[in-house]
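Below you'll find the structure, written out as C-alpha cells, and then a few comments.
Along the sequence shown, residues carry numbers from 1. This one's a predicted model, so the numbers in the text were calculated from it and none came from an experiment.
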Amino acid sequence: MNVQAFLNSRWGVGLGLVIGWLLPYRMGSHLGSLLADNIAKRQNIPVLKAIRLNQWVIRGKPSSASDLDTAVRNVLRHTVQTQFDLFYYQAHKKSFSSRVQLSLSLLELIENSQNWTSGEIVVAPHLSNFDLALQVAGYQGLKAQVLSHPNPTGAYRLQNEIREKAGYEVTPSSPEVLKMAAERLKKGGVVITGVDFPMPQKKDTLTFFGHPAPLPVGHIRLALEAEAPVRVASCWRFWDNRYRVDLSEPVTMQPHSDPYTALRKNAEAVLSVLEGLIRNNPDQWLMFFPVWKELMAQVP
C-alpha cells in the first residue's frame with residue numbers, strides 16, 4: 001500500500017478528521033510519535049529520501065548519516081504532530097485557537113484586508129503547521145484570495161473546502177485567476193500563494209541554499225504587475241504545544257529592463273528571507289518532495 005498516496009487522498013484526510021474528533025490530545029500526540037518513529041525506519045520510502053535530501057542541503061551538507069537519521073525522524077515527528085493538531089483544531093476550534101498566537105504584523109494585515117487598504121502578496125512556505133495558521137487567521141477575519149493547485153483532487157479538494165469555511169476565496173490557479181488576483185492587489189486586497197514547492201518540469205531555476213532549484217516565480221510576476229510587495233509568512237510550534245504565526249517585512253519588488261532578470265532577482269530576494277527562517281529551525285521545514293533532485297546521489 002502506498003502510504004503517501006493514502007494520506008493525500010480524501011479517505012486519508014477523512015480518517016484524520018475522525019481521529020481529531022475522537023482522541024484526547026495527549027493520546028493523539030503520543031500515538032503520533034510512535035507512528036513517526038515507525039515510518040522513519042523505512043528509509044527506502046521515496047518521501048523519506050526526499051526529506052533526507054532536503055535536510056542535508058539546508059543543514060550545510062553534514063557528512064554524518066546518523067545525524068541525518070535524527071533529522072528525518074524529527075521532521076516526521078513534527079509532521080505527525082502538526083497534522084494531529086490540525087485535525088484536532090477542526091473539532092475544538094474555540095479551545096485550540098488560544099494556542100495560536102498571531103503577531104502584530106499579521107493582525108495589522110487582517111485589518112488592512114478587511115478595509116482593502118494595502119495590496120500585498122503573502123507567500124506561505126511549508127513551515128510547521130502553515131495550514132492551521134491559515135485557518136486561524138481566516139477565522140480571525142483575514143480576507144484573501146488563496147491560489148491553490150490548478151487541478152485539486154482528493155485531499156487537496158477537501159483542504160480547499162476547509163479553507164473556504166475559514167472565509168477565504170480559494171481559486172485554482174489559471175491565467176484568468178491570476179488576472180483576477182492582479183486586480184485584487186491593485187484594489188488593495190490580499191493574495192496568498194505558495195513559494196517552496198518544487199516544479200520538476202521547470203527549466204529555469206532559482207538559487208536556493210546555494211544550489212539551483214526549480215521553484216515557482218508566479219508570485220513575483222504577479223507582484224511586479226500589480227506593483228505589490230511580497231511578505232513571507234512563518235508558523236512555528238513550541239515545546240508547550242503552542243504556535244506563533246508571523247510575517248516578514250515587505251519585500252519590495254525591484255524593476256529591471258530585462259523581464260527575466262527582474263523575475264529571478266526578486267524571486268531570490270524572497271527566497272533569501274525564507275532561507276533565514278528555515279535555518280532558525282530546520283526540523284520544522286516540512287517539504288516532502290526533492291527540491292534539489294540532482295544532488296540525491298550525494299546524500300549520506
Please list every donor-acceptor pair under 3.5 Å in which a side-chain atom of residues 248-255 meets a protein atom from a residue at least two apart or in another chain.
residue : atom : partner : partner atom : Å
Ser248  : OG   : Val232  : N            : 2.9
Gln254  : NE2  : Thr252  : O            : 3.4

At what distance, to the nearest 0.5 angstrom, does CD of Gln114 lie from CD of Gln140?
10.0 Å
In short, Val123 meets Gly194 closest at the heavy-atom pair CG1-O, 4.3 Å
Any residue meeting side-chain hydrogen bond (donor to acceptor under 3.5 Å, both in side chains) with His211, in chain and number order, not counting sequence neighbours
Lys61
Heavy-atom closest pair, residues Ile220 and Ala262
CG2-O, 4.4 Å
Same apolar cluster (I L V M F W Y, side chains within < 4.5 Å links), Phe130/Phe84:
no
Thr193 OG1 to Ile121 CD1 distance, which is reported to the nearest 0.5 Å:
8.5 Å
Return the set of residues passing side-chain hydrogen bond (donor to acceptor under 3.5 Å, both in side chains) with Ser98 (not counting sequence neighbours), or none when no residue passes.
none
Output every pair passing salt bridge (Lys or Arg N to Asp or Glu O under 4.0 Å) with a member in residues 46-59, not counting sequence neighbours, ordered by first then second residue.
Arg52-Asp69, Arg59-Asp283
Does any pair with a residue in residues 122-137 pass side chain to side chain donor-acceptor pair (under 3.5 Å), and if so which ones, sequence neighbours excluded?
His78-Ser128, Gln90-Gln135, His126-Asp196, Ser128-Gln284, Asn129-Tyr243, Asp131-Arg163
According to a hydrophobic-cluster definition based on side-chain heavy atoms being under 4.5 Å apart (Ile, Leu, Val, Met, Phe, Trp, Tyr only), do Leu109 and Val100 belong together?
yes
Any salt bridge (Lys or Arg N to Asp or Glu O under 4.0 Å) involving residues 104-120? Give me the pairs, sequence neighbours left out, ordered by first then second residue.
Glu120-Arg231
Nearest-0.5 Å distance, CD1 of residue Ile51 to CZ of residue Phe288:
5.0 Å
Closest non-hydrogen contact found for Gly119 with Pro229 is O-CD, 3.4 Å
Please output the side-chain donor-acceptor pairs of residues 289-300 that fall under 3.5 Å, not counting sequence neighbours, one pair per line with the distance.
residue : atom : partner : partner atom : Å
Trp292  : NE1  : Phe208  : O            : 3.2

Shortest non-hydrogen contact between Ala144 and Ile192, atoms and distance
CB-CD1, 3.8 Å
Apply side chain to side chain contact (heavy atoms under 4.5 Å, CB included) to residues Asp85 and Arg237 and explain how you reach the verdict.
CA-CA 10 Å; Asp85 286 349; Arg237 189 177 191 275; 3.0 Å; yes
Under 3.5 Å, sequence neighbours excluded: what are the donor-acceptor pairs made by side chains of residues 167-175?
residue : atom : partner : partner atom : Å
Tyr168  : OH   : Leu134  : O            : 2.5
Tyr168  : OH   : Gly138  : N            : 3.0
Glu169  : OE1  : Arg184  : NH1          : 3.1
Thr171  : OG1  : Gln145  : NE2          : 3.0
Thr171  : OG1  : Val146  : O            : 3.4
Ser173  : OG   : Ser148  : O            : 3.2
Ser174  : OG   : Glu176  : OE1          : 3.4
Ser174  : OG   : Val177  : N            : 3.2

What verdict does the side chain to side chain contact (heavy atoms under 4.5 Å, CB included) test give for Leu132 and Val245, after you've listed the backbone C-alpha separation in whole Å, the side-chain angles of each residue and the deciding distance to 0.1 Å?
CA-CA 10 Å; Leu132 172 64; Val245 189; over 6 Å; no
Which heavy atom of Pro125 sits nearest a heavy atom of Ala233, and at what distance?
CD-O, 3.2 Å
Mind checking side-chain hydrogen bond (donor to acceptor under 3.5 Å, both in side chains) for Ser103 and listing every partner two or more places apart, or none if nothing turns up?
Ser105, Asp246
Stepwise side chain to side chain contact (heavy atoms under 4.5 Å, CB included) check, Leu76 with Arg73
CA-CA 5 Å; Leu76 285 174; Arg73 184 175 68 249; 5.7 Å; no
Does Leu271 belong to the same Ile/Leu/Val/Met/Phe/Trp/Tyr cluster as Tyr260, with side-chain heavy atoms less than 4.5 Å apart forming each link?
no
Given the rule that I, L, V, M, F, W and Y join up when any side-chain heavy atoms are under 4.5 Å apart, are Met287 and Trp236 in one cluster?
yes
Hey, does the side chain of Ser113 reach the backbone of Ile110 with a donor-acceptor pair shorter than 3.5 angstrom?
yes
Report the C-alpha separation of Val75 and Asn54 in whole Å, then their side-chain angles, then the decisive distance to 0.1 Å, and conclude whether the side chain to side chain contact (heavy atoms under 4.5 Å, CB included) test is met.
CA-CA 11 Å; Val75 169; Asn54 295 338; over 6 Å; no
Test of understanding: with side-chain contact (heavy atoms from CB on, under 4.5 Å), list the residues that count as partners of Asn280, not counting sequence neighbours.
none
A cation-pi test, strictly: NZ or CZ of Lys93 under 6.0 Å from the centre of the six-membered ring of Phe96 and no more than 45 degrees from its axis. Yes or no?
no
If you measure from OG1 on Thr82 to CZ on Arg77, what distance do you get to the nearest 0.5 Å?
14.0 Å
Could you give all pairs that pass the salt bridge (Lys or Arg N to Asp or Glu O under 4.0 Å) test and reach residues 256-278, with sequence neighbours left out?
Arg264-Glu268, Glu275-Arg279
Within one Ile-Leu-Val-Met-Phe-Trp-Tyr cluster: Trp285 and Val273, side-chain cutoff 4.5 Å
yes
Listed partners of Ser66 passing side-chain hydrogen bond (donor to acceptor under 3.5 Å, both in side chains), at least two apart:
Ser64
About how many Å separate CG of Leu263 and CG of Leu206, when rounded to the nearest 0.5 Å?
9.0 Å
Working to the nearest 0.5 angstrom, can you tell me the gap between Asn281 CG and Asn74 CG?
9.5 Å
Once the angle between the rings of His92 and Tyr88 is folded into 0 to 90°, is it parallel (under 30°), tilted (30 to 60°) or perpendicular (over 60°)?
parallel
If only atom types and distance count, is the side chain of Lys202 paired as donor or acceptor with the main-chain N or O of Pro216 below 3.5 Å?
no
Ignoring hydrogens, what is the shortest heavy-atom contact between Ser118 and Val190? Give both atom names and the distance.
O-CG2, 4.3 Å
Does any part of the side chain of Ile278, heavy atoms only, come nearer than 4.5 Å to the side chain of Leu127, both counted from C-beta?
yes
